[in-house]
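For reference, the structure discussed in these notes is given below.
Chain A is the first sequence line, chain B the second, and so forth, proteins listed ahead of strands; every chain is numbered from 1.
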Amino acid sequence: MKKFMLSLLLAACALTLAAQTEYKASLFGCMSDGVTLNTRSIQTAINTISSQGGGMLHFYVGRYLTGTVFLKDNVTIVLHEGATLVGVPSIYDYVAPSNAPKGIIVAEGQKNIGVVGSTPERELNTNVVGSGIIQGQGALLTENAQAQLAKGYLAKTSGQISPALISFSGCTGVKVTGLMLQGAAGDVVALKGCTDVEVARLLVDSRETLGCNGIVADGCKNLTLTDNFIHVSGSAIQALQSKGVKVKNNKTPKGKL
Amino acid sequence: MYKKTFLLCLFGACCMMQVAAGEYNASLFGIKSNGTTLNTRSIQKAIDHISENGGGTLHFYVGRYLTGTITLKSNVTIHLHEGAILLGSTNPYDYEQVAHNLTFIGAYRAENIAVIGQGVIDGQGRELAYNFLDQQQKGIIKGSTTYDRAGVRSKGVYLRECKNVTFRGVTVKNGADWTFVPDQCEDMLVDSVAVIGHAFWNNDGIDIVDCKNFKLLHSFVDAADDAICFKSHDANAASDNVEVRSCVARSSASAIKFGTVSAGGYKNIRIINNKVYNTHRSAITIAIPDGGYAENILIDSLYAYNTSNAIYLRIGARNTSRPVGTLKNVTIQNLYCEIPEAKADAAYPYEGPIEDNPRNISPASIVGLAGGHNIENVTLRNITLVYPGGGSPYYAHRGLSPAELDSIPEMPRSYPEFSQFVELPAWAFWVRHAKNVIFENITLKAKAYDYRPAIVIQESDGITLRNVLYDEPDKRKKQLHTYKTTNIVQE
């Protein structure tokens with residue numbers, strides 16, 4: 001327990017440190033118009049921020065179209081109220097981290113990473129519920145991917161055509177909080193072998209594709225899932241072979257989980 | 001006989017010559033239609049010349065006429081023939097202020113001006129706005145970058161204190177900021193015009209700011225921000241005698257909006273026989289958040305489809321140095337509105353943001369302020385609102401207990417928006433701080449069960465409900481809940 005507290009404290013310190021450097025998305029040429037594909041701009045932003053010691057990448061109101069971006073050490077993506085990361089509906093724009101499904105925001109083996117909702121009016125790290133949005137356009141993406149499968153250009157490897165919204169593998173110090181998550185083609189949040197994970201205050205609405213699960217954790221350690229509302233076509237929460245799992249006050253349209 | 005004909009011919013020729021004296025083709029002034037030559041100075045010279053020589057019409061025929069800011073002058077008509085496009089430069093430094101407003105087309109204290117024809121004014125606002133942002137980020141242009149956008153941008157058309165103005169037939173589109181802004185103009189007619197503003201954020205459609213004797217007829221307005229929008233920027237001015245008739249509006253904010261800034265006021269406004277569709281916020285918003293007043297407002301025969309909210313009437317108090325404003329004598333009749341479950345403006349450029357979560361579908365609202373700032377004398381007659389229903393208490397919950405109703409915040413300082421209170425206790429209508437409200441021949445329909453009642457009225461006085469019908473799957477539910485409300489008449 002002491003160790004856990006210590007690691008929490010450490011994580012908190014790291015977060016505060018990271019928070020010292022703030023970057024706006026437009027500095028890297030990201031466009032909020034909903035039609036410009038921003039994958040490379042967002043990736044450049046993440047790489048730059050990480051290589052300069054970490055910080056926060058802020059997205060303000062608007063729709064930012066993107067394919068897969070890889071989160072890097074000490075970078076937190078902040079989606080302010082009205083900001084939406086929109087998944088591009090072309091399967092070739094998605095990449096999978098090792099041992100995990102494809103996703104819009106992915107990471108492998110990174111430390112102190114986050115995707116968090118915020119509002120301009122409120123302080124960061126307060127209890128923001130369902131603010132910024134990640135939207136997968138799952139129905140459209142799946143349809144397009146199926147067409148590619150049918151034509152034979154896309155191999156039928158499992159997980160190929162159903163990207164998650166967030167897919168992290170082997171990461172430590174992960175925060176996914178205060179967001180709205182909509183329309184995943186696959187599972188909404190996929191966590192594989194991650195340690196010290198907080199998933200909280202999410203509003204999840206993902207019913208566009210069959211068997212879409214909400215939060216899927218596999219082989220994770222110190223996992224906290226609290227205060228989430230999850231409306232999905234599959235199961236809301238799956239925690240497989242994970243240790244130190246704390247699940248509290250999560251709801252579905254049918255009531256408390 | 002010959003003599004008579006000859007005389008007639010002579011007379012005709014004289015007439016022709018007189019008319020011809022006022023008709024000028026753009027090419028006379030070296031204006032190029034190639035889309036690459038920057039024509040700012042040539043076009044301005046043409047307008048100035050015509051104005052200084054007794055007035056007339058400047059004709060643009062098919063072509064793309066690239067230009068920066070041009071200022072309209074008295075007694076000059078711009079005739080944009082079909083296929084002619086006045087094309088805004090994408091260079092921020094090609095723009096100037098007209099009456100303290102950066103704009104593409106401007107006019108200040110001009111009389112007898114007109115822009116007519118089937119042509120187009122295209123501000124190229126998206127490219128221009130990003131170029132403004134770039135110059136701000138480099139520190140050359142000083143301005144705020146709130147929301148990570150350029151604070152300094154140019155409007156599409158800005159007319160200030162002009163008289164006898166006509167816009168007929170043309171398309172005005174793609175301002176970098178608000179699209180079409182008549183400000184303190186008098187005797188103005190906008191007829192059969194298309195206003196299309198979704199090139200960038202905050203693209204209002206048409207902003208009627210403190211105008212008198214103004215008519216907007218047979219026009220189409222499609223905007224990323226408010227579409228047909230009344231504003232009052234001057235505490236000593238007001239919009240008076242304005243008619244909006246037979247128009248179609250689409251908005252990623254509100255379709256017909258009074259506000260947001262309400263420095264002066266609005267009176268004698270008639271909005272008749274209009275249609276609204278694919279609108280992200282309200283079909284009708286009347287907001288008095290900064291002092292000022294709105295009174296004698298008639299909204300008749302409005303049909304709104306796929307629109308997230310029907311009505312939002314609101315008094316706020318953002319400006320603490322002024323007395324709180326008033327909102328009274330409003331009649332809304334013959335309104336039909338369908339509210340969707342999904343996002344009403346999905347796939348439009350610059351979709352409106354999803355805000356104030358978690359919240360089930362919000363009801364139409366009439367919301368004054370505590371301390372006697374009631375919204376007064378509102379008549380709602382012959383209204384049908386169709387909702388999807390389906391509000392889930394597990395997603396968001398606001399019950400009917402006194403404590404829960406009292407705990408809804410007043411939010412006097414906040415931006416007035418129908419969603420601002422997050423979850424509300426009713427699925428169709430919520431009324432708070434109102435006096436003398438008549439509901440007459442009202443049908444409220446929810447397609448699926450909602451955990452809330454149809455109407456909640458609280459802290460109000462003098463409410464008449466006459467022939468109000470509820471159509472929801474749960475037939476036994478009590479659909480009207482009142483709290484701290486006096487003089488309720490049900491017929």
Given a strict heavy-atom distance threshold of 4.5 Å, which part of [X] is in contact with chain B: side chain, backbone, both, or neither?
X        : answer
A:Gln137 : neither
A:Thr252 : backbone
A:Val35  : side chain
A:Lys24  : both
A:Ser26  : both

When heavy-atom pairs shorter than 4.5 Å are enumerated against chain B, which of [options] gives the highest number?
options                     : value
A:His231, A:Met180, A:Met31 : A:Met31
A:Gly255, A:Gly34, A:Gly82  : A:Gly255
A:Ala25, A:Gly62, A:Ser32   : A:Ser32

Review point. In terms of heavy-atom pairs under 4.5 Å with chain A, which of B:Pro349, B:Pro393, B:Pro358 leads?
Key: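 Most heavy-atom pairs within the cutoff with chain A belong to B:Pro358.
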Check your understanding: Taking side chain as C-beta onward, heavy atoms only, is A:Thr177 less than 4.5 Å from A:Val128?
Key ->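 A side-chain contact under 4.5 Å is absent here.
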**Study point:** Residues which pass salt bridge (Lys or Arg N to Asp or Glu O under 4.0 Å) with A:Asp93, listed by chain and number, not counting sequence neighbours
**Key:**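 Listed in chain order: nothing, the list is empty.
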Check your understanding: Listed by chain and number, what are the salt bridge (Lys or Arg N to Asp or Glu O under 4.0 Å) partners of B:Asp225, not counting sequence neighbours?
Key ->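 Here no residue qualifies.
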Review point. Looking only at side chains, do B:Gln135 and B:Tyr93 share a donor and an acceptor under 3.5 Å apart?
Key: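 Their side chains do contain a donor-acceptor pair, which is all the 3.5 Å distance test asks for.
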Review point. In this structure, are over 12 heavy atoms from other groups packed under 6.0 Å from A:Glu143 atom CD?
Key: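 At most 12 heavy atoms, drawn from other residues, nucleotides or ligands, come within 6.0 Å of this atom.
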Review point. Is it true that atom NZ of B:Lys447 has more than 12 heavy atoms of other residues, nucleotides or ligands lying nearer than 6.0 Å?
Key: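 For B:Lys447, atom NZ is not crowded (no more than 12 foreign heavy atoms under 6.0 Å).
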Check your understanding: Of the backbone (N, CA, C, O) and the side chain (C-beta and beyond), which part of B:Glu355 lies under 4.5 Å from a heavy atom of chain A, both, or neither?
Key ->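 Both backbone and side chain of B:Glu355 come within 4.5 Å of chain A.
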Check your understanding: With only heavy atoms counted, which part of B:Tyr130 is less than 4.5 Å from chain A, the side chain, the backbone, both or neither?
Key ->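 Just the side chain, heavy atoms under 4.5 Å.
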Review point. Can the positive tip of B:Arg149 be found less than 6.0 Å from the middle of the six-membered ring of A:Tyr60, inside 45° of the ring normal?
Key: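 No; the conditions do not both hold, so B:Arg149 does not lie above the ring face of A:Tyr60.
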Check your understanding: Looking at B:Tyr451 versus B:His397, is the centre-to-centre ring distance below 6.0 Å?
Key ->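 When the ring centroids of B:Tyr451 and B:His397 are compared, they turn out to be within the sub-6.0 Å range.
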